[in-house]
Structures are given as C-alpha cells and as structure tokens.
Amino acid sequence: MFKKLLFISICFLGVTSVFPQKKFTRADTLIGSITPERAWWDVTHYHLKVKVNPSEKTIEGSNTISYKVLEPKEVMQIDLQAPMKIDKILQDGKEIFYTSEGNAHFLKLQKKQKKGKEEKITIYFSGKPIEAKRPPWDGGFTWTKDSNGKPFIATSNQGIGSSVWWPLKDHPSEEPDNGVTISVTTPKDLMDISNGRLIKVIETDTTKTWVWQVVNPINAYGVDINIGDYVHWGEKYKGEKGPLDMDYYVLRENEAKAKEQFKQAPMMMEAFEHWFGPYPFYEDGYKLVEAPYLGMEHQSSVTYGNNFENGYLGRDLSGTGWGLKFDFIIIHESGHEWFANNITNKDVADMWIHEGFTAYSENLYLDYFFGKIASSEYVLGTRNNISNDRPIIGVYNVDNSGSGDMYYKGANILHTVRQLIENDEKWRSILRGLNKQFYHQTVTSRQIEEYISKESGIDLTAFWNQYLRTTKIPKVEYSIKGNDLKFRYANTVENFDVPVIAIVNDKEEWIFPTSEWKTKTFAQPIETFQIKKDFYVNSENLK
Ligand SMILES: [Zn+2]
C-alpha cells in the first residue's frame with residue numbers, strides 16, 4: 001500500500017488510472033485526436049494576454065492565434081474548459097460566432113481561408129479558472145500566500161491541459177513554430193515569471209504588465225504563469241553553444257537557502273549537455289522558478305517547490321542512498337528540457353518519451369558526478385516503483401497516457417539498452433543524436449524506437465514491443481547439469497531474442513536465449529549462475 005501511494009505521488013500526471021476496459025467518450029476524442037476542425041490549420045504563434053486578479057481569483061484576457069492555412073476550411077476547433085468563458089472572437093475586426101460541445105468550441109469563420117495564407121484570430125476570455133487541489137497532478141490555478149502575506153500564484157496543467165485557463169488548440173502535436181508572447185498583468189507590488197525572456201514591463205498606477213517572449217516552438221502545457229514577490233539573480237553559464245543565461249527566481253524569504261541549493265542547476269546543465277547535447281533553448285534562456293507546488297518542466301521556466309533539499313521531498317526514490325545526492329526536482333524537471341520540451345510526444349499515449357528518458361536522466365546525472373556504479377545502483381533501486389499494471393504506451397487519440405511505469409520501467413529498459421550496446425560513447429552519441437534528429441519536434445514512440453535500433457545496429461523491434469506494449473517481463477528459464485547450461489526465454493512476445501550477460505562462476509558471458517531451449521557447455525563445472533542485474537529480465541532455475 002505504501003509503495004503504491006509513493007508510486008502515485010511520483011507520477012506527475014493528472015490523468016486518472018485507465019484500464020483496458022475503460023470506455024472513451026466523445027469528449028476524449030475531441031481533446032485527444034486531431035479532429036478535422038484542428039487538422040486544417042497550423043499555429044505559428046500565440047500572443048496570450050492575461051490579467052490576474054488575486055483578490056477575486058479571476059483572470060481575463062485574450063489570445064491572438066497566428067496560423068497557417070493548410071487546407072481551405074472554415075470551421076475551427078478551439079478548446080477552453082468550463083467554467084472559463086469565451087467573451088468574444090474577432091477576425092479582421094469582425095465578430096465570429098461559434099457552437100460548443102463541452103469544452104470544444106467550433107468557430108464558423110466568415111473569411112474564406114486560402115491554402116498557404118497566414119491568418120490571425122483573437123479570442124477574448126474570462127472567468128474563475130479551476131483551482132488545482134493537488135498541483136501539479138490535477139492541475140489548474142494555485143492561489144496561495146507567502147509568509148509575508150503576499151499573493152503567491154501559479155498555473156500547472158500538464159494532465160488537464162492548458163485549456164483549463166486559456167483558449168488554444170490543446171493537442172500535444174501542436175507547437176507554435178515561432179513561439180509565444182505572454183503578457184501578464186499583476187498588481188503593482190508583484191512580479192510574473194513566465195517562459196522565455198522578459199522583453200518589457202509596462203507600468204500603470206496600480207499594475208505591472210510583464211511581457212515574456214519565447215522564440216522557439218513550445219509545448220502548450222509548458223506555458224506558465226508564476227506570480228509572487230520574487231527575488232532574482234542569475235549567471236552566465238559557459239555551455240556547448242556559448243554563454244547561456246541561467247536565471248533564478250525565488251520568494252524573498254527563501255533567497256539564502258535557494259542560493260545554496262540552486263548551485264545544482266549549473267551542475268545539471270554540465271551533466272545533461274554532456275549526455276544529451278546542447279541545452280535546446282539558448283535563445284530563450286533557462287530559468288528555475290519557485291512555485292507553490294512540487295515542480296513541473298515548464299519550458300525555459302522550470303518550476304520548483306522541493307523545499308530546497310536533496311531527494312524527492314527529502315526521500316530517496318531508489319532506496320539506495322544515491323537519490324539523496326541530488327535535488328530530485330532540479331534534476332528531473334530540468335532533464336525534461338531535452339525529453340518533453342525539445343522532443344515532445346505527438347500523442348500523450350507516447351508520454352514515456354518524456355518520463356522514461358527523464359527518469360533515466362536521473363541516473364545519468366549520478367553517472368556524470370559519481371560514476372557508473374552509482375548510476376547503476378540508483379536505476380536498479382528504482383525498480384521497486386514498477387508495478388507492471390498496464391502497458392507503458394496508452395491508447396492513441398483519446399488523451400490517454402499509459403501506466404506510471406513509464407517512469408522507472410522506462411528508465412530500466414533504457415539502462416538495459418545501454419548494456420546491449422556495450423559501448424558508452426556510442427550510447428551517448430545516440431542520446432545526443434536523438435536530440436539533434438528530433439530537435440524541436442513532436443514525435444511518436446515508433447520514431448524514437450526506430451532511431452535507436454538504426455543507430456545502435458541492433459534490431460530492437462521485439463524489445464520495444466515487449467516492454468512498451470505489454471506488461472510481461474521476460475524470464476530466462478535455465479537448468480544446470482555439470483558443465484552444461486540449458487536456457488530459454490519464457491513470457492516473451494514473438495521473436496524476442498535479446499541477449500543478456502550471465503555471470504557464471506564469477507565470470508561474465510553473453511548468452512543468447514530465444515523461446516527455444518539451447519545448451520551451452522562451459523569449460524568448468526558451473527558452480528554459480530545469475531543474470532547480470534543491469535538487464536531488466538527475471539530468471540528462474542528450473543533445476
Ligand atoms: Zn517528469
């Protein structure tokens with residue numbers, strides 16, 4: 001029970017557990033698929049303007065969507081979740097009317113949409129957005145106060161979707177090619193930190209408007225608002241692509257603690273640029289921003305609420321001690337800049353691309369600073385969090401992510417691939433290659449799987465099918481008679497023939513099991529036998 005609870009608490013998704021028999025609704029299809037009303041237009045830019053009123057817990061604003069017409073159609077789907085309301089929609093100064101089906105709104109454009117043309121539409125909205133009960137897992141707005149009684153406000157909406165507070169095309173395959181501009185108006189004594197760079201502050205007698213600009217494509221759930229009485233410091237990090245601005249924002253009361261703890265941010269940058277290649281958003285800078293919840297990978301404004309201590313809220317998720325050598329939220333959430341923000345899933349069913357690789361990044365951080373044994377012990381330790389309840393890959397086109405095993409089973413299968421490749425420089429070049437090949441793109445799991453197969457020279461098709469699409473863990477069955485080892489795989493999908501290292505009389509030997517029995521004769525009688533633990537397989541001596 002405890003494990004299960006722990007496990008749920010590390011799952012950053014607001015999505016409820018879904019078993020195969022779950023019936024999906026029309027609403028799931030409207031949010032989770034590329035409907036005809038979404039397919040014909042491609043967002044190039046969002047200009048989101050929001051005024052935040054802390055005393056009423058309301059927001060009001062507009063989103064000007066720039067888009068390219070891919071097909072000449074006139075009905076456009078925009079998502080905005082109740083109780084937020086659309087107040088008005090304008091295109092070229094003319095009002096646009098719409099019908100609604102739940103949280104999906106179908107706009108009937110008056111203007112003929114011509115293929116290849118760039119158009120704009122502005123949606124005005126207002127309301128009292130859903131308050132997050134357990135951010136970041138359920139998502140919405142969080143309205144709290146700091147110890148000086150000043151408002152401390154933030155958005156988090158990974159599972160529930162950005163349309164919980166602003167109108168957009170709320171599907172992960174859509175990233176605005178030219179980024180977003182986010183203008184947030186706050187009471188005068190507060191500050192807003194959003195994504196990208198602060199380009200302007202507009203003051204009135206009572207308010208300040210903070211204008212942030214992101215020039216790179218950004219995933220919608222990454223767009224965030226963080227409002228508080230922040231203090232700011234920063235540094236120029238000498239990175240692979242030159243000087244990188246790293247900026248830090250924390251509540252005044254936490255400045256001293258944060259200045260110490262956030263020293264791990266440049267360490268993180270050093271380790272991850274080594275393993276994954278250059279930070280993917282030099283133009284937008286990197287920021288670590290205190291938020292009133294645990295944390296989230298908001299692109300170029302990673303949010304942080306891990307009490308300025310190592311571990312995951314002070315705990316070690318691996319149970320090995322290594323998890324207390326780093327601040328889980330600084331490392332994990334920043335790891336997502338490469339896997340989630342740079343390489344983004346086209347459909348949340350493939351979210352293991354975000355969470356598997358990022359959970360894996362935790363042990364690569366350890367590997368960089370503490371060595372290979374630390375990294376291996378950590379990733380093996382996290383196996384206790386695996387439940388094998390459902391496949392890692394969810395159901396496509398219905399906003400359904402797979403099992404929470406996408407985290408630590410994901411990490412362990414990547415650790416297994418590292419063993420199979422048996423060449424750490426090659427493995428590193430594959431991880432870096434992924435970030436180059438799929439730079440600023442949305443992708444499918446198949447693309448990632450095929451890339452790794454191709455670059456490693458190992459056909460991993462059955463491997464991925466086994467671990468990502470079933471809950472079955474391969475089992476090496478064996479028996480020993482004198483010098484002879486008889487072995488085979490059980491519990492595998494068709495054609496699963498991944499070799500493993502066996503430790504025979506303390507010596508490492510590759511063996512090549514398939515579903516057929518094989519016999520291998522050793523020079524000496526076999527005294528001891530085990531499969532090397534770095535391979536995520538089970539084994540059983542049938543005697
Ligand atoms: Zn994560």
Side-chain angles (χ1 to χ4, degrees), residues 1-19 22 25 27-28 31-32 50 52-60 79-85 102-103 125-147 149-168 170 184 192-194 220-228 251 289-298 301-307 312-315 328-329 332-333 336 348 351 354-355 394 399-401 403-404 406-407:
M1 198 59 197
F2 171 73
K3 235 185 246 167
K4 190 73 187 165
L5 279 173
L6 174 75
F7 163 72
I8 288 167
S9 74
I10 63 163
C11 185
F12 285 9
L13 310 177
V15 184
T16 43
S17 204
V18 177
F19 294 93
K22 146 136 194 186
T25 63
D28 296 325
I31 190 76
V50 187
V52 178
N53 311 305
S55 50
E56 286 90 42
K57 297 187 178 179
T58 60
I59 63 171
E60 62 202 282
D79 309 290
L80 181 66
Q81 300 177 32
M84 294 302 296
K85 273 201 214 99
N103 296 321
F125 64 101
S126 63
K128 200 168 185 173
I130 289 175
E131 277 188 56
K133 287 181 196 74
R134 273 185 74 239
W137 297 283
D138 59 352
F141 258 73
T142 301
W143 310 86
T144 55
K145 292 205 162 124
D146 68 15
S147 64
K150 292 208 170 188
F152 185 27
I153 301 160
T155 58
S156 60
N157 45 249
Q158 181 183 18
I160 198 166
S162 302
S163 54
V164 72
W165 61 278
W166 58 286
L168 73 154
D170 200 2
V184 179
D192 169 66
I193 318 300
S194 291
Y221 79 82
V223 173
D224 71 344
I225 285 180
N226 301 285
I227 297 171
L251 292 182
V289 183
E290 185 176 353
Y293 58 86
L294 185 57
M296 182 51 70
E297 65 257 30
H298 298 116
S301 90
V302 171
T303 45
Y304 178 90
N306 196 33
N307 302 338
Y312 175 98
L313 291 173
R315 296 198 308 267
F328 181 91
I329 292 299
H332 178 97
E333 303 308 335
H336 277 307
V348 293
M351 194 181 273
H354 299 192
E355 299 303 349
D399 191 30
N400 175 240
S401 50
S403 164
M406 70 177 85
Y407 289 77

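One distance of note links OG1 of T155 with CD1 of I227; it measures 9.0 Å at 0.5 Å rounding. If you take NE2 on H298 and OG on S194, they are separated by 10.0 Å, rounding to the nearest 0.5 Å. To the nearest 0.5 angstrom, N226 atom CG is 6.0 Å from T303 atom OG1. Of the inter-residue distances, the one linking L294 atom CG with L313 atom CG reads 5.0 Å to the nearest 0.5 angstrom. The distance from the CZ atom of F125 to the NZ atom of K85 is 13.5 Å, given to the nearest 0.5 Å. Rounding to the nearest 0.5 Å gives a distance of 10.0 Å between CG of N400 and CE of M351.
Here the closest non-hydrogen pair linking P136 and S156 is CA-OG, 3.7 Å. Closest approach of F152 to A291, counting heavy atoms only: CZ-C, 3.5 Å. Minimum interatomic distance between Y221 and M296 (heavy atoms only, all atoms of both residues): CE1-SD, 4.4 Å. Here the closest non-hydrogen pair linking G305 and I329 is N-CG2, 4.5 Å. For V164 against G140, the heavy-atom pair with the smallest separation is CG1-CA, 4.3 Å. Counting all heavy atoms, side chain and backbone alike, M406 lies closest to S401 at CE-CB, 4.1 Å.
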Practice task
For side chain to side chain contact (heavy atoms under 4.5 Å, CB included), just list the numbers for I31 and N103, CA-CA rounded to whole Å, side-chain angles, deciding distance to a tenth of an Å, and then say yes or no.
Solution key: CA-CA 8 Å; I31 190 76; N103 296 321; over 6 Å; no
Exercise for the section: Show the numbers, then the answer: is there a side chain to side chain contact (heavy atoms under 4.5 Å, CB included) between H354 and H336? Expected result: CA-CA 7 Å; H354 299 192; H336 277 307; 4.0 Å; yes
Exercise for the section: Applying side chain to side chain contact (heavy atoms under 4.5 Å, CB included), run through Q158 and E297 and close with a yes or a no. Expected result: CA-CA 9 Å; Q158 181 183 18; E297 65 257 30; 3.5 Å; yes
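With sequence neighbours excluded, the residues forming a salt bridge (charged side-chain N to carboxylate O under 4.0 Å, His left out) with K57 are E131, listed by chain and number. Taking the ring-ring contact (aromatic ring centres under 6.0 Å, His included) definition, one finds that F141 meets it with W143, W165, sequence neighbours left out.
For the pair E333 (side chain) and V302 (backbone), a donor-acceptor distance under 3.5 Å is absent. Distance alone, capped at 3.5 Å, places no donor-acceptor pair between the D28 side chain and the D399 backbone. Under the 3.5 Å distance criterion, the side-chain polar atoms of T144 are left unmatched by any main-chain donor or acceptor of P292.
A donor and an acceptor atom, one from each side chain of D170 and S163, are located under 3.5 Å apart.
The aromatic rings of Y407 and H332 lie parallel to each other, their planes meeting at an angle below 30°, with 60° marking the opposite boundary.
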